[in-house]
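Beneath this line is the structure, given in structure tokens, with notes to follow.
Just so you know, these numbers come straight off a predicted model, no measurement behind them.
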Amino acid sequence: MNGCEEAVEFLPVNNAKKVEKRGPRRWVVLAIVITVILLLSLLAGVLVWHLRGGNVWVQKVFNGHLRIKNENFIDAYENSTTAEFAQLANQVKEALKLLYNKIPALGPYHKESAVTAFSEGSVIAYYWSEFSIPQALVEEAERAMAKEHTVTLPPRQRSHHSFMLTSVVAFPTDPRTVQTTRDSSCSFALHAQGTKTTRFTTPGFPDSPYPAHAHCSWVLRGDADSVLSLTFRSFHLAPCDERGSDLVTVYDSLSPVEPQAVVQLCGTYPPSYNLTFLSSQNVFLVTLITSTERRHPGFEAAFFQLPKLSSCGGYLRQAQGTFSSPYYPGHFPPNIDCVWNIEVPNNRYVKVRFKVFYLVEPNMPPASCTKDYVEVNGEKHCGEKPQFVVTSNSSKMTVRFHSDHSYTDTGFLAEYLSYDSRDPCPGMFTCNTGRCIRKALRCDGWADCADYSDELNCVCNVTHQFTCKNKLCKPLFWLCDGLNDCGDGSDEQGCKCPAQTFKCGNGKCLPLSQQCDGKDNCGDGSDEATCDKVSIVTCTSRTYRCHNGLCLNKGNPECDGIKDCSDGSDEKDCDCGQRSFSRQSRVVGGQDADEGEWPWQVSLHALGQGHVCGASLISPTWLVSAAHCHVDDKGFKYSDPTMWTAYLGLHDQRKRSEPGVQEHKLKRIIRHPDFNDFTYDYDLAVLELEKPAEYSNVVRPICLPDATHVFPAGKAIWVTGWGHTEEGGTAALILQKGEIRVINQTTCESLLPQQLTSRMMCVGFLSGGVDSCQGDSGGPLSSVEADGRIFQAGVVSWGEGCARREKPGVYTKLSEFRDWIKEQTGV
């Protein structure tokens, strides 16, 4: 160094052992080196494992969409096999790769991306990207993908502008979507043709079931500046359940991303159910993922294009009028905002009544109006609501409607009117909600205002009313009837049996030791009706008798899906009371029934008179109806079976000739021999068809109750029919349904003194509002019992007017006639 050579001295080798350095042998050094290397490698591995979430790597697939600036949509982009599609797709994939490389939680783990479709606006690209990400980075990666990004490819030599992507966003999805896009065996692309309707179905519909464990998709398109209207005309998939179900999802996009899902459907819907959906742009994606082996027909759907809304909302200047959410009663589109500015004359105020209101978002708390909502006076309304009123404190009001990018509902129907601010309800009582009711309804014990404001701050009439602890007034005959009418339970306090005793259904108090001891100690069988263990007991008039003569302590055991009789007779002949569609007198206060919802409902037409009475199907050849429907009157022989035609499977009276509706002549009419046409006691008849009915989705029998079957007070029961919609009104064209409740017999006798017999039952609401009416006579009361099976509790018979307050409907009690029906029909 420094210009000098380094001197090297060699030691003599004549005595090597003496000059050797003392230290460990070579193998020892080698072992130490290897050990150190192994320890360092282990430490590095532990650090990597710790930093990257161990050796757990997660496959993540994200579906997304983005907007391509400075590009115009061409027809070739609709077809993924064209060279133009491939060229643009490659540019998008290159830009996505550039974007991911700038994000540490994404770039190193990106496996591949694919573009699945393009649509207008300027050009929207739909894509998926696949990653293999360490577990510890999954959440960070999901946040990065959900954030909107912009990425630009620099201009190439042949290009005059940069390739810019905006609104790049994606969300986690099922990895099976990658397999779906690669397998085109169940993928379809359809484009609306002018104003024509385009039909499509699941593979094989309706002759064969859709494939099991399949992933199908339908890409639906319309022209630019249009939106799509999609309707499922028939929908029959495997039932919805928690174990995994077959699922149809409709997306307001061509990428299956959850935030743009308009609806998810499974199970079965009747044809009359509203399954019409609108898009916010000119595309829809429909997917079917099947995860079961169950065989079902699938769906039939149709779509067409509409011009895109140029505006939503508007100025309302009349003294009164109506407005609704877009496309009501169809589902409103996603991603829409509407504003209605209402203005009435200066000396008046505005009142808006929402007559129908359905803005329900799945998995959202009822009070959380962050997605779809109506905003009035600074207050947001969402969810499902009964009719309600909002008012202004000036001559102007603004109503705003907002829907987000995801799930939609049928929306709302509203009416507005002007009123004098000094007297908003002339000659009437004004509820705090703004609703007007008759002054006679104030403090009468019935909540006529939705907020109970008509029943607050009242002084009860001690002669006829009971004062609840919460200061509400209730009728005296509601005391100790077993129902919490006050809401705070005060009307039932002091009515309980002493300690160590129980209360029978008839009010008698007995020691606990006599409950479920196999004996009818109460006298009404109620002490043996709710026992956990089913046992054989002494037969009484209130115990269920098996065919082998043995009697059970169980109440209503027939056709409940459990074999209680040793001979199985309680589950025999149970092909009844089940409907193909499981979705939830015209009936006053009722609503349109769904098609096939009540498949035992029969419409009886008298010659030259149209619909006159109802009936119910109990077997292929027998109907049950009311005797008073078949009493000769004014020269017409209603007792003559040749004067009648029975329509089965009918929903709309105007469509008696449509497929599925069966027309039958009557062979015999058998009225109960004890029928009294003055008191309407024994008001029952059985009708024999000339030829047997054919069971179908819309024609099925209802179950008949055993003589011991109990329909307790307070139980919800459905009444159905085509009768008058109001007292003195006109008959309905669409089958109506209304939910009413069994009324305590003692209470009913106090309301209709000297008019009831043991063959009658009261059902309705003491407050009125829902009831059967003229034209419903002979129709069924349908009661949902154990195992979802439906039994006929009664037959529509008579009442004082329709839906009157404290005048409930009276029905023939069918359990009292079980033996007579079997004698006449064999059923």
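- Scanning all heavy atoms of the two residues, the minimum distance from A593 to K737 falls at CA-CD, 4.0 Å.
- With a 4.5 Å cut-off on side-chain heavy atoms, S187 and S217 count as touching.
- The list of salt bridge (Lys or Arg N to Asp or Glu O under 4.0 Å) pairs with a residue in residues 645-660, not counting sequence neighbours, reads D652-R654.
- A centroid separation of less than 6.0 Å is found between the aromatic rings of F299 and W218.
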Verdict with supporting geometry, I336 and L278, side chain to side chain contact (heavy atoms under 4.5 Å, CB included): CA-CA 11 Å; I336 197 167; L278 278 296; over 6 Å; no
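- In this structure, the side chains of Y407 and N363 stay at 4.5 Å or more apart for every pair of heavy atoms.
- For P108, the side chain to side chain contact (heavy atoms under 4.5 Å, CB included) criterion is met by no residue, not counting sequence neighbours.
- The shortest heavy-atom contact between A261 and T249 is CB-CG2, 4.0 Å.
- Under a 3.5 Å cut-off, the side chain of H65 and the backbone N or O of L254 do not form any donor-acceptor pair.
- Under the side chain to side chain contact (heavy atoms under 4.5 Å, CB included) criterion, C576 pairs with P701, C703, not counting sequence neighbours.
- Side-chain contact between E361 and S406: present, with at least one pair of heavy atoms (C-beta onward) separated by less than 4.5 Å.
- In summary, the side chains of Q653 and S603 do present a donor paired with an acceptor at a separation below 3.5 Å, with no hydrogens or angles considered.
- Closest approach of L623 and L617 over heavy atoms only: CD2-CD1, 3.5 Å.
- Between F85 and F118, the ring center distance clears the sub-6.0 Å criterion.
- The CD1 atom of I133 sits 9.5 Å away from the CH2 atom of W57 when rounded to the nearest 0.5 Å.
- In this structure, a donor-acceptor pair under 3.5 Å is present between the side chains of S783 and E785.
- Taking all atoms of both residues into account, the shortest heavy-atom contact from A693 to Q662 is CA-OE1, 3.6 Å.
- Residues W598 and H651 form no side-chain contact, since every pair of their non-hydrogen atoms from C-beta on lies 4.5 Å or further apart.
- Using a 4.5 Å heavy-atom threshold, the side chains of E94 and F163 count as separate.
- Residues R221 and Y77 approach most closely at NH2-O, 4.5 Å, considering heavy atoms.
- With hydrogens and angles ignored, the 3.5 Å screen pairs a side-chain donor or acceptor of S403 with a backbone N or O of N335.
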Pair N274-T410, side chain to side chain contact (heavy atoms under 4.5 Å, CB included): steps then yes or no: CA-CA 8 Å; N274 183 353; T410 51; 3.4 Å; yes
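- Separating the OG atom in S226 from the CG atom in N282 is a distance of 5.0 Å, to the nearest 0.5 Å.
- Between L88 and I68, some side-chain heavy-atom pair lies under the 4.5 Å cut-off.
- Checked against V257 for a side-chain contact (heavy atoms from CB on, under 4.5 Å), the options D252, V169, N63, T173 give a single hit: N63.
- Ring orientation note: the planes of H296 and H236 are tilted relative to one another, at an angle of 30° to 60°.
- Other residues, nucleotides and ligands contribute more than 12 heavy atoms inside 6.0 Å of the CD atom of E84.
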Please tabulate, for side-chain N and O atoms in residues 204-211, each donor-acceptor pair with protein atoms closer than 3.5 Å (sequence neighbours left out).
from, atom 1, to, atom 2, distance (Å)
S208, OG, G204, O, 3.3
Y210, OH, A238, N, 3.2
Y210, OH, D246, OD2, 2.6

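- One distance of note links OG of S324 with CZ of F401; it measures 10.0 Å at 0.5 Å rounding.
- Around the CG atom of D337, the shell of radius 6.0 Å holds more than 12 heavy atoms that belong to other residues, nucleotides or ligands.
- For the pair H149 (side chain) and K147 (backbone), a donor-acceptor distance under 3.5 Å is present.
- In this structure, the separation between CG on D225 and CD on Q305 is 10.5 Å, given to the nearest 0.5 Å.
- Without hydrogens or angle criteria, Q193 side chain to H191 main chain gives a donor-acceptor distance under 3.5 Å.
- Looking only at side-chain heavy atoms (C-beta outward), Y109 and Y100 stay at 4.5 Å or farther from each other.
- Note that the OG1 atom of T202 and the CG atom of L237 stand 7.5 Å from one another [nearest 0.5 Å].
- Every side chain to side chain contact (heavy atoms under 4.5 Å, CB included) that K111 has, sequence neighbours left out, goes to E130, S132.
- Taking all atoms of both residues into account, the shortest heavy-atom contact from K371 to H402 is O-CD2, 2.9 Å.
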Could you go through residues 325-333 and list every donor-acceptor pair under 3.5 Å that involves a side-chain atom there, pairing it with any protein atom two or more places apart or in another chain?
from, atom 1, to, atom 2, distance (Å)
S325, OG, F412, N, 3.1
H331, ND1, T276, O, 2.8

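- For the atom pair S657 OG and Y647 OH, the distance stands at 9.0 Å (nearest 0.5 Å).
- Taking 4.5 Å as the limit, some side-chain heavy atom of L265 sits within range of a side-chain heavy atom of V263.
- Between F200 and F303, the angle of the ring planes goes over 60°, which puts this pair in the perpendicular group of the 30/60° scheme.
- At most 12 non-hydrogen atoms from other residues, nucleotides or ligands lie less than 6.0 angstrom from NZ of K97.
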